[in-house]
Amino acid sequence: MNNNKYYIGIDLGTSAVKLLLVDSCGNVIRTESREYPLIFPNPGWSEQRPEEWWSGVKSGLAALLDGIDTSLIEGIGCGGQMHGLVVLDEDDNVIRPAILWNDGRTQAEVDYLNGEIGKDKLSALTANIAFAGFTAPKILWMKNNEPENFAKIKKIMLPKDYINYLLTGVHCCDYSDASGMLTLDVEHKRWSREMLAICGVTEDVMPALYESSDVVGTLLPEIAAELGLPEGIKVVGGAGDNAAAAVGTGIVGEGGCNISLGTSGTVFISSTKFGVDPNNALHAFAHADGGYHLMGCMLSAASCNKWLCEDILGTTDYAGEQRDITDDDLGNNRVFFLPYLMGERSPINDVNARGTFTGMSMDTTRKDMVLAVLEGVAFAIRDSVEVARSLGIKIDRSKICGGGAKSPLWRRIIANVLGISLDIPQTEEGPGYGGAMLAMVGCGRFGSVIEAAEALTGVSATVDPDPEITARYEAKYQIFKKIYPTMKNLFSEMKEETK
């Protein structure tokens with residue numbers, strides 16, 4: 001008799017959905033991905049059609065499970081892009097395209113929340129202040145700019161929760177993802193009725209709240225039939241992508257750190273205790289393990305390198321662009337890059353900030369510019385690490401994951417810019433793997449998320465900093481951190497000129 005079971009992890013990303021089939025021992029049996037487009041209706045706006053997420057999930061599942069004994073599948077767990085506003089009408093139809101995490105249209109609403117409502121009050125209600133990417137400013141934007149659509153809202157959801165709803169018929173949300181809406185009382189894990197009132201909505205339009213490994217339901221009969229799956233398969237609450245990735249890399253419990261180099265970049269610090277950055281430069285969120293975490297998020301990380309290579313240099317050979325960069329180049333580059341291509345969240349919270357190359361001269365080379373982009377992202381990650389250190393948090397090593405982390409050079413740069421050791425996870429499947437692990441816990445394979453992480457996550461290699469390179473980067477970082485304050489007012493003036 002085959003006692004092995006299968007679990008499906010779904011990573012609903014910004015550019016694609018990735019699906020994993022994982023066995024009871026944590027082995028990744030198969031992966032599938034399906035891309036979908038981004039929509040940019042206006043400069044600084046970013047949207048997607050939730051229907052295209054669902055099409056990608058269904059198509060990907062069909063391929064993922066081709067030839068698999070589906071009777072062995074026990075559970076499904078989803079990690080997904082955070083903060084996106086999905087609004088449904090009274091028939092649960094999508095009212096308008098989802099407004100995504102990297103959308104910058106809500107500056108007026110952010111100014112209203114942080115200025116007129118006040119940062120202290122927001123932090124007291126939700127443990128966070130308003131950022132343009134968060135969900136609450138988007139709700140207010142709809143109220144102010146699309147009143148007819150706003151009046152139709154019967155349910156507000158996040159991206160991965162829309163997928164869970166289509167699978168189960170349950171309007172649900174987990175605490176980690178809900179934390180990024182600015183409508184959750186993070187400390188007490190409940191919707192803040194006062195914050196909802198500020199947004200002009202009531203609690204009945206919000207989904208039910210669950211822990212990430214809680215079973216929210218089972219597959220609807222018609223969905224099970226359409227997908228060719230048994231009806232009893234359990235679906236768990238899942239998690240926001242960063243919390244799911246942290247689970248997948250074993251960053252659970254007290255004091256773990258994970259750096260993610262995806263489209264965005266994050267520094268994720270797990271804790272068993274609730275805590276708030278008094279300056280609100282880092283987000284204070286619930287974690288998928290039942291605890292909490294602090295997180296710094298930069299809006300453009302690996303996407304900066306993609307932009308430079310593909311859109312400017314006209315190549316997809318990322319490794320080729322990095323091939324001639326040696327250790328002697330690290331910390332000796334005279335060109336600096338601010339990685340604020342979509343504005344920035346942590347720690348500066350400035351939608352007007354923009355990317356810049358500084359320090360270029362007639363002898364600046366293509367290699368210098370490629371290196372400057374990699375270094376600029378690393379310096380911006382350090383900005384969030386320095387905030388954590390100022391709170392007394394000791395960070396002397398971290399896991400690192402995400403597409404950008406596949407670059408040995410970039411890993412080496414980050415290790416030296418931060419002056420810490422970086423551990424490369426055994427399984428580098430990010431949020432999808434974390435989602436599958438959460439499904440295992442929900443199905444009883446493990447007693448807790450921490451137990452699952454201890455059993456299934458490990459380290460394949462470690463990148464240690466070099467004292468000489470770290471010293472050179474220390475000097476460069478001291479220059480880098482002066483560039484944005486020098487440019488800040490100019491960025492604002494530039495924004496005014498383009499209106």
Side-chain angles (χ1 to χ4, degrees), residues 114 119-131 175-176 179-180 182 184-189 240 242-243 245-247 249-261 265-298 344-349 377-401 414-423 449-450 453 462-465 467 470-471 473-478 480-482 484-485:
N114 287 335
K119 292 181 180 181
D120 290 345
K121 183 170 184 177
L122 293 179
S123 188
L125 292 174
T126 72
N128 296 278
I129 62 172
F131 289 77
Y175 295 114
S176 75
S179 297
L182 201 69
L184 185 78
D185 175 348
V186 174
E187 182 178 8
H188 302 103
K189 294 186 174 180
N242 289 293
V247 170
T249 56
I251 303 303
V252 295
E254 185 63 35
C257 182
N258 184 56
I259 293 168
S260 176
L261 275 186
T266 57
V267 177
F268 185 108
I269 304 162
S270 63
S271 177
T272 56
K273 302 179 291 293
F274 172 76
V276 177
D277 168 17
N279 298 312
N280 296 117
L282 301 180
H283 310 324
F285 290 168
H287 192 4
D289 65 356
Y292 298 91
H293 71 273
L294 290 175
M295 184 173 71
C297 178
M298 56 184 298
E344 189 55 297
R345 266 185 28 198
S346 303
I348 63 173
N349 194 16
V377 171
F379 288 142
I381 286 172
R382 178 166 169 180
D383 283 343
S384 286
V385 170
E386 290 301 319
V387 174
R389 287 171 171 164
S390 74
L391 301 176
I393 297 171
K394 184 179 179 182
I395 301 176
D396 53 14
R397 72 185 311 118
S398 176
K399 296 277 181 67
I400 187 166
C401 67
I414 292 172
N416 284 287
V417 165
L418 300 181
I420 66 173
S421 297
L422 296 179
D423 295 322
V449 176
I450 291 176
T462 298
V463 181
D464 293 313
T470 296
Y473 272 134
E474 179 62 33
K476 292 294 180 183
Y477 177 69
Q478 297 306 317
F480 172 86
K481 69 180 187 178
K482 297 176 184 177
Y484 167 72

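Keep in mind that what you see is a predicted model, and the values were worked out from it rather than measured.
Taking every heavy atom of both residues into account, C257 and I269 meet most closely at SG-CG1, 4.3 Å. Nearest approach of T462 to D423, heavy atoms of both residues: OG1-OD1, 2.7 Å. Of all heavy-atom pairs spanning L184 and Y175, the tightest one is CD2-O, 3.8 Å. Heavy-atom minimum distance, C401 versus A245: SG-CB, 4.5 Å. Considering all non-hydrogen atoms of both residues, A378 and I414 come closest at CB-CG1, 3.8 Å. Considering all non-hydrogen atoms of both residues, N416 and Y473 come closest at CB-CD1, 3.8 Å.
Between N128 and L122, the closest side-chain pair of non-hydrogen atoms is not below 4.5 Å. Residues N349 and N280 have side chains not in contact (no heavy-atom distance under 4.5 Å, counting atoms from C-beta outward). By the 4.5 Å heavy-atom criterion applied to side chains, L125 and D185 are not counted as neighbours. Counting heavy atoms from C-beta outward, I259 and L418 have side chains that approach closer than 4.5 Å. No side-chain heavy atom of L282 sits under 4.5 Å from any side-chain heavy atom of M295. A 4.5 Å side-chain heavy-atom check between M298 and R345 finds every atom pair outside the cut-off. Within the 4.5 Å cutoff, side-chain heavy atoms of L261 are placed close to those of I381.
Side-chain N or O atoms of D464 include none that pairs as donor or acceptor with a backbone N or O of S421 at under 3.5 Å. The main-chain N or O of K399 is never found under 3.5 Å from a side-chain atom of T249 such that the two would form a donor-acceptor pair. Between the side chain of S346 and the backbone N or O of C297, at least one donor-acceptor pair lies under 3.5 Å.
In this view, E386 and R382, R389 satisfy the side chain to side chain donor-acceptor pair (under 3.5 Å) rule, not counting sequence neighbours. For F268, the ring-ring contact (aromatic ring centres under 6.0 Å, His included) criterion is met by H287, H293, not counting sequence neighbours. Taking the side chain to side chain donor-acceptor pair (under 3.5 Å) definition, one finds that D289 meets it with nothing, sequence neighbours left out. Applying the side-chain contact (heavy atoms from CB on, under 4.5 Å) criterion to P347, with sequence neighbours excluded, gives A281, D383, S384, V387. Contacts of K189 classified as salt bridge (charged side-chain N to carboxylate O under 4.0 Å, His left out), with partners at least two apart in sequence or in another chain: E211.
Classification of the F379-Y477 ring pair by plane angle, with boundaries at 30° and 60°, yields tilted.
With rounding to the nearest 0.5 angstrom, the CD1 atom of I251 is 6.0 Å from the OG atom of S270. From S176, atom OG reaches atom CG of N242 across 9.0 Å, with rounding to the nearest 0.5 Å. Between N258 atom CG and I400 atom CD1 the span is 8.5 Å, to the nearest 0.5 Å. The structure places CG of L182 at 4.0 Å from OG1 of T126, a figure rounded to the nearest 0.5 Å.
Residues in residues 265-277 take part in these salt bridge (Lys or Arg N to Asp or Glu O under 4.0 Å) pairs, two or more places apart or across chains: E254-K273.
Annotation: D120, atom CG; neighbour count of heavy atoms from other residues, nucleotides and ligands within 6.0 Å does not exceed 12.
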